[in-house]
Amino acid sequence: MNDTYADIHQSLNRCLQRQDFLRRFYTLFVNSHEDIAARFRDTEWNQQIHLLRYGISASILYAGGSDLGTHELDRLHRSHGRRGYAIEAWMYDRWLEALIETLRETDSQCDPHLEQRWRSAMGLAIDRIRDGRDTRGR
């Protein structure tokens with residue numbers, strides 16, 4: 001039976017109880033490097049936050065083996081690749097670290113095990129978005 005990452009879904013739901021969760025993530029992420037800040041200079045934040053919430057949910061679904069998650073991450077791979085936003089590989093590392101830091105601040109049940117579960121699920125999703133590779137099951 002596939003791991004559905006139910007614990008990650010529950011953690012996300014706890015985090016989303018705080019209205020500032022996604023905005024806090026972007027504060028940490030955008031401030032992590034000047035090149036990242038430059039990419040968000042003219043961002044419409046309400047739309048961006050909506051897209052982030054959807055993207056995180058799709059990433060968890062993908063990690064759990066969902067066809068919907070796969071479809072959405074393939075779309076993100078196309079939009080974030082060379083012909084789209086041309087996101088550089090190192091930026092995904094900054095993205096993940098900002099997410100983990102936000103989780104530590106926001107989820108009262110965040111512990112090293114849960115953090116590792118998040119890293120596992122988001123790592124699978126990042127591989128798919130960044131490289132188009134399916135590394136689930138490895």
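Since we're looking at a predicted model, the values are computed, not measured. In this chain, numbering begins with 1 at the start of the sequence shown. Any value given below was found using the heavy atoms of this structure, including those in side chains, with hydrogens, waters and symmetry copies removed.
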Taking only residues two or more places apart in sequence or in another chain, which ones pass side chain to side chain contact (heavy atoms under 4.5 Å, CB included) with [X]?
X      : value
Asp42  : none
Arg119 : Leu96, Glu97, Ile100, Arg104, Glu115, Gln116
Ser32  : Phe29, Ile36, Arg94
Glu44  : Asn46, Gln47

With no hydrogens and no angle check, is any side-chain donor or acceptor of [X] less than 3.5 Å from a backbone partner on [Y]?
X      : Y     : value
Arg128 : Gly69 : no
Thr102 : Ala98 : yes
Arg136 : Tyr62 : yes

Exercise. Can you sort out the partners of Arg53 under salt bridge (Lys or Arg N to Asp or Glu O under 4.0 Å), two or more places apart, ordered by chain and number?
Key: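 For Arg53 there are no salt bridge (Lys or Arg N to Asp or Glu O under 4.0 Å) partners, ignoring immediate neighbours.
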
Quiz item: For Asp131, what residues pass the salt bridge (Lys or Arg N to Asp or Glu O under 4.0 Å) criterion, not counting sequence neighbours?
Solution: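 Asp131 satisfies salt bridge (Lys or Arg N to Asp or Glu O under 4.0 Å) with Arg133 once adjacent residues are dropped.
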
Inter-residue atom distance [X].[atom1] - [Y].[atom2], 0.5 Å rounding:
X     : Y     : atom1 : atom2 : value
Arg75 : His80 : CZ    : NE2   : 8.5 Å
Leu22 : Ile49 : CG    : CD1   : 6.0 Å
Gln17 : Gln19 : CD    : CD    : 10.0 Å

Self-check item: Pair Met91-Arg39, side-chain contact (heavy atoms from CB on, under 4.5 Å): steps then yes or no
Solution: CA-CA 11 Å; Met91 292 178 175; Arg39 289 182 180 250; 3.2 Å; yes

Quiz item: Taking only residues two or more places apart in sequence or in another chain, which ones pass ring pair (Phe, Tyr, Trp, His ring centres under 6.0 Å) with His77?
Solution: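 Ring pair (Phe, Tyr, Trp, His ring centres under 6.0 Å) list for His77, sorted by chain: empty.
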
Exercise. Please name all residues satisfying ring pair (Phe, Tyr, Trp, His ring centres under 6.0 Å) with His33, sequence neighbours left out, ordered by chain then number.
Key: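 Trp90.
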
Decide whether [X] and [Y] are clustered together by the hydrophobic rule: side chain heavy atoms of Ile, Leu, Val, Met, Phe, Trp, Tyr closer than 4.5 Å, transitively.
X     : Y     : value
Phe40 : Leu51 : no
Tyr85 : Val30 : yes
Ile56 : Leu16 : yes

Quiz item: Listed by chain and number, what are the side chain to side chain donor-acceptor pair (under 3.5 Å) partners of Tyr26, not counting sequence neighbours?
Solution: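 Side chain to side chain donor-acceptor pair (under 3.5 Å) check on Tyr26 returns Gln48.
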
Self-check item: Contacts of type side chain to side chain donor-acceptor pair (under 3.5 Å), residue Trp45, not counting sequence neighbours
Solution: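 Partners of Trp45 under the side chain to side chain donor-acceptor pair (under 3.5 Å) test: none.
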
Practice problem: Verify whether the ring centers belonging to Trp118 and Tyr5 lie closer than 6.0 Å. | Solution: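 That pair fails the under 6.0 Å test.
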
Practice problem: Provide the full list of salt bridge (charged side-chain N to carboxylate O under 4.0 Å, His left out) pairs with a residue in residues 14-28, sequence neighbours left out, each pair given once. | Solution: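 Residue pairs passing salt bridge (charged side-chain N to carboxylate O under 4.0 Å, His left out), neighbours aside: Arg14-Asp107, Arg18-Asp20, Arg24-Glu105.
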
List the atom of [X], the atom of [Y], and the distance in Å for their closest heavy-atom pair.
X      : Y     : result
Leu124 : Ala63 : CD1-CB, 4.0 Å
Arg117 : Ile8  : CB-CD1, 3.4 Å
Phe21  : Cys15 : CB-O, 3.3 Å

Exercise. Answer whether the closest heavy-atom distance between the side chains of Ile87 and Trp95 falls below 4.5 Å.
Key: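 They are not in contact (no side-chain heavy atoms under 4.5 Å apart), so the answer is no.
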
Quiz item: Should side-chain heavy atoms under 4.5 Å link Ile, Leu, Val, Met, Phe, Trp and Tyr, which residues sit in the same cluster as Leu61?
Solution: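 Under the 4.5 Å side-chain rule, Leu61 groups with Leu68.
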
